[in-house]
Asker: 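Before I ask anything, here is the structure I am working with.
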There are 2 protein chains.
Amino acid sequence: MSDEEEKSSGSDAWRGLGEFIRGQRELANLSMRQLAEIAKISNPYLSQVERGLYKPSADVLKNIANALHLSAETMYSQAGLLDNSGSRDESHHGVEHAIKVDPKLSVDQKESLIRIYRSFTAGS
Amino acid sequence: MSDEEEKSSGSDAWRGLGEFIRGQRELANLSMRQLAEIAKISNPYLSQVERGLYKPSADVLKNIANALHLSAETMYSQAGLLDNSGSRDESHHGVEHAIKVDPKLSVDQKESLIRIYRSFTAGS
DNA sequence: AGCACGTGCTTGGTATACTTAGCACATCAC
DNA sequence: GTGATGTGCTAAGTATACCAAGCACGTGCT
């Protein structure tokens with residue numbers, strides 16, 4: 001069988017997921033052990049997941065999302081599991097819209113934030 | 001430790017999921033082998049899943065959903081995996097949350113933006 | 001110099017998701 | 001009747017998700 005195997009699950013999507021999780025964890029200032037504790041998984045496993053060595057199953061994903069105060073949907077879509085085949089145009093422009101709507105910001109502050117945000121995302 | 005709920009590994013929800021899959025399969029007039037073929041899984045495994053003996057992982061779930069022309073979200077919520085218990089409302093946290101979730105930003109950029117945002121909203 | 005405690009990572013094993021070969025029973029044609 | 005083809009299910013094995021113990025390194029403290 002010299003057939004080239006190509007399953008439906010591409011392994012590269014999972015690497016991005018790991019980086020995403022690590023980013024969210026660092027953003028929340030949690031150590032691996034802390035997050036692992038909250039998410040009810042072991043810290044070595046979390047380590048592997050964050051480096052893309054394993055693809056966590058759905059309930060683990062859900063637990064991690066919970067621990068990071070994210071919705072499971074966010075996690076799944078990051079993991080490439082949610083497909084959004086319906087092309088539902090849901091929460092798309094978070095940042096700029098959220099800034100514009102925020103009542104605690106002055107207009108100048110909003111402009112500054114959006115300017116910075118756009119400079120950050122200029123490469124994409 | 002008073003409460004002993006069905007944690008993330010509650011096996012009850014999975015049985016309902018199996019019945020749901022079987023119902024949808026019969027509704028589509030597909031045999032196990034047909035559905036298994038389309039969903040890229042083996043038919044014995046589909047048999048086990050439909051009777052609640054195993055809890056399929058997320059990508060299998062997604063493949064089955066696709067094969068049955070269902071949205072992955074429907075499948076996940078049937079599996080009890082979505083159950084938005086994570087944080088009650090995602091749009092509620094506004095700017096900070098939108099920043100954290102934005103895939104176009106690096107972790108450092110997120111931290112910078114959040115820091116600036118907090119400095120803006122700290123005074124008033 | 002130590003040691004106590006933090007971090008993330010490696011090793012080796014167990015549990016379980018998943019597959020391949022085959023069983024038992026149906027419903028057809030011959 | 002026998003066989004060919006359908007159905008769902010069982011058994012035994014492989015792959016991998018996951019865990020417990022411990023390693024290697026860093027930082028502060030006495």
Side-chain angles (χ1 to χ4, degrees), chain A residues 1 3 5-15 17-68 72 75-76 79-81, chain B residues 6-15 17-68 72 75-76 79-81 107:
Chain A
M1 288 72 168
D3 200 0
E5 60 208 350
E6 182 180 57
K7 303 187 98 178
S8 61
S9 54
S11 300
D12 16 334
W14 298 99
R15 191 157 306 168
L17 171 70
E19 293 173 2
F20 174 75
I21 292 177
R22 172 158 297 189
Q24 295 299 315
R25 179 175 63 82
E26 291 175 347
L27 224 58
N29 279 316
L30 289 171
S31 76
M32 280 188 161
R33 283 165 221 268
Q34 287 173 317
L35 176 56
E37 169 89 4
I38 303 172
K40 290 162 196 150
I41 60 177
S42 65
N43 56 86
Y45 183 57
L46 180 58
S47 173
Q48 324 264 41
V49 165
E50 285 190 353
R51 286 179 306 151
L53 299 184
Y54 289 127
K55 44 184 204 178
S57 68
D59 39 356
V60 167
L61 230 42
K62 178 189 156 199
N63 283 336
I64 295 176
N66 270 332
L68 290 171
M75 215 62 177
Y76 292 147
L81 286 171
Chain B
E6 61 233 23
K7 305 193 322 192
S8 50
S9 310
S11 299
D12 325 341
W14 299 100
R15 189 156 307 173
L17 171 70
E19 293 173 1
F20 174 75
I21 293 177
R22 174 158 295 191
Q24 295 298 316
R25 178 175 65 82
E26 290 174 347
L27 220 60
N29 279 318
L30 290 170
S31 75
M32 281 190 162
R33 283 165 221 263
Q34 287 173 318
L35 176 56
E37 169 89 3
I38 303 172
K40 288 162 197 148
I41 60 177
S42 64
N43 57 86
Y45 183 56
L46 181 57
S47 172
Q48 322 268 40
V49 165
E50 285 189 352
R51 285 178 307 151
L53 300 184
Y54 290 126
K55 44 187 202 178
S57 70
D59 40 357
V60 167
L61 230 41
K62 178 190 155 198
N63 284 336
I64 295 176
N66 261 330
L68 289 173
M75 217 60 181
Y76 292 145
L81 284 172
V107 173

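Order of the sequence lines sets the chain letters (A, B, ...), proteins ahead of strands, with each chain counted from 1.
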Asker: Is the phosphate of C:dT19 approached by B:Arg33 (side-chain N or O, under 4.0 Å from OP1 or OP2)?
Answerer: no

Asker: Mind checking if B:Ser31 touches a base, just sugar-phosphate, or nothing, with heavy atoms under 4.0 Å?
Answerer: sugar-phosphate

Asker: Can you see if the side chain of A:Ser57 gets near the phosphate of C:dA17 - specifically, an N or O under 4.0 Å from OP1 or OP2?
Answerer: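 Answer is no, no contact under 4.0 Å.
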
Asker: Nearest-Å distance, OH (B:Tyr54) to P (D:dA17)?
Answerer: 16 Å

Asker: Just to confirm, is there a sub-4.0 Å distance from OP1 or OP2 of D:dG8 to any side-chain nitrogen or oxygen of B:Ser47?
Answerer: no

Asker: Figure out the NZ/C1' separation between B:Lys55 and D:dA17, and round it to whole Å.
Answerer: 11 Å

Asker: Considering heavy-atom distances to DNA chain C, does A:Glu50 or B:Gln48 have its closest nucleotide positioned more toward the 5' end?
Answerer: A:Glu50

Asker: Check every strand shown and say whether A:Val60 touches a base, only sugar-phosphate, or nothing at a heavy-atom separation below 4.0 Å.
Answerer: sugar-phosphate

Asker: What is the distance, rounded to the nearest whole Å, between atom CG of A:Leu30 and atom P of C:dG6?
Answerer: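 So the CG-P distance, A:Leu30 to C:dG6, works out to 15 Å.
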
Asker: Could you give the CG-to-C1' distance, from A:Asn63 to D:dC18, as a whole number of Å?
Answerer: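 To the nearest whole Å, that distance equals 13 Å.
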
Asker: Expressed in angstrom and rounded to an integer, what is the separation of B:Leu35 atom CG from D:dT7 atom P?
Answerer: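 That distance rounds to 12 Å.
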
Asker: Round to a whole Å and report the spacing from CE of B:Met32 to P of D:dT5.
Answerer: 22 Å

Asker: Taking donor-acceptor contacts at under 3.5 Å, does the side chain of A:Asn43 reach the base of D:dC19?
Answerer: no

Asker: If I take atom CD1 in residue B:Ile41 and atom C1' in nucleotide D:dG8, what distance separates them, rounded to the nearest angstrom?
Answerer: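 For the pair B:Ile41 CD1 and D:dG8 C1', the rounded distance is 14 Å.
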
Asker: Would a 4.5 Å heavy-atom cut-off, applied to side chains only, mark B:Val49 and B:Ile41 as touching?
Answerer: no

Asker: Does atom CD of A:Glu37 have more than 12 heavy-atom neighbours, drawn from other residues, nucleotides or ligands, at distances under 6.0 Å?
Answerer: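 Count not over threshold, so no.
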
Asker: Return the value, rounded to whole Å, for the distance between atom CG of B:Asn29 and atom C1' of D:dT7.
Answerer: 14 Å

Asker: Hey, does the side chain of B:Arg25 reach the backbone of B:Leu30 with a donor-acceptor pair shorter than 3.5 angstrom?
Answerer: yes

Asker: Please report the shortest heavy-atom distance between A:Ala58 and B:Ala58, naming the atom on each side.
Answerer: CB-CB, 3.6 Å

Asker: So if I take every side-chain heavy atom of A:Tyr45 and compare against C:dT20, D:dA17, D:dA20, which nucleotide ends up nearest?
Answerer: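 Looking only at side-chain atoms, A:Tyr45 lies closest to D:dA17.
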
Asker: Keeping the roles fixed (side chain from B:Tyr76, backbone from A:Leu81), state whether a donor-acceptor pair exists under 3.5 Å.
Answerer: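 Checked: pair present.
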
Asker: It should be established whether A:Arg22 places a side-chain nitrogen or oxygen under 4.0 Å from OP1 or OP2 of nucleotide C:dT7.
Answerer: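 Indeed not, no polar side-chain atom of A:Arg22 lies that close.
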
Asker: Between A:Leu53 and B:Gln34, who's closer to the 5' end of DNA chain D by nearest nucleotide?
Answerer: B:Gln34

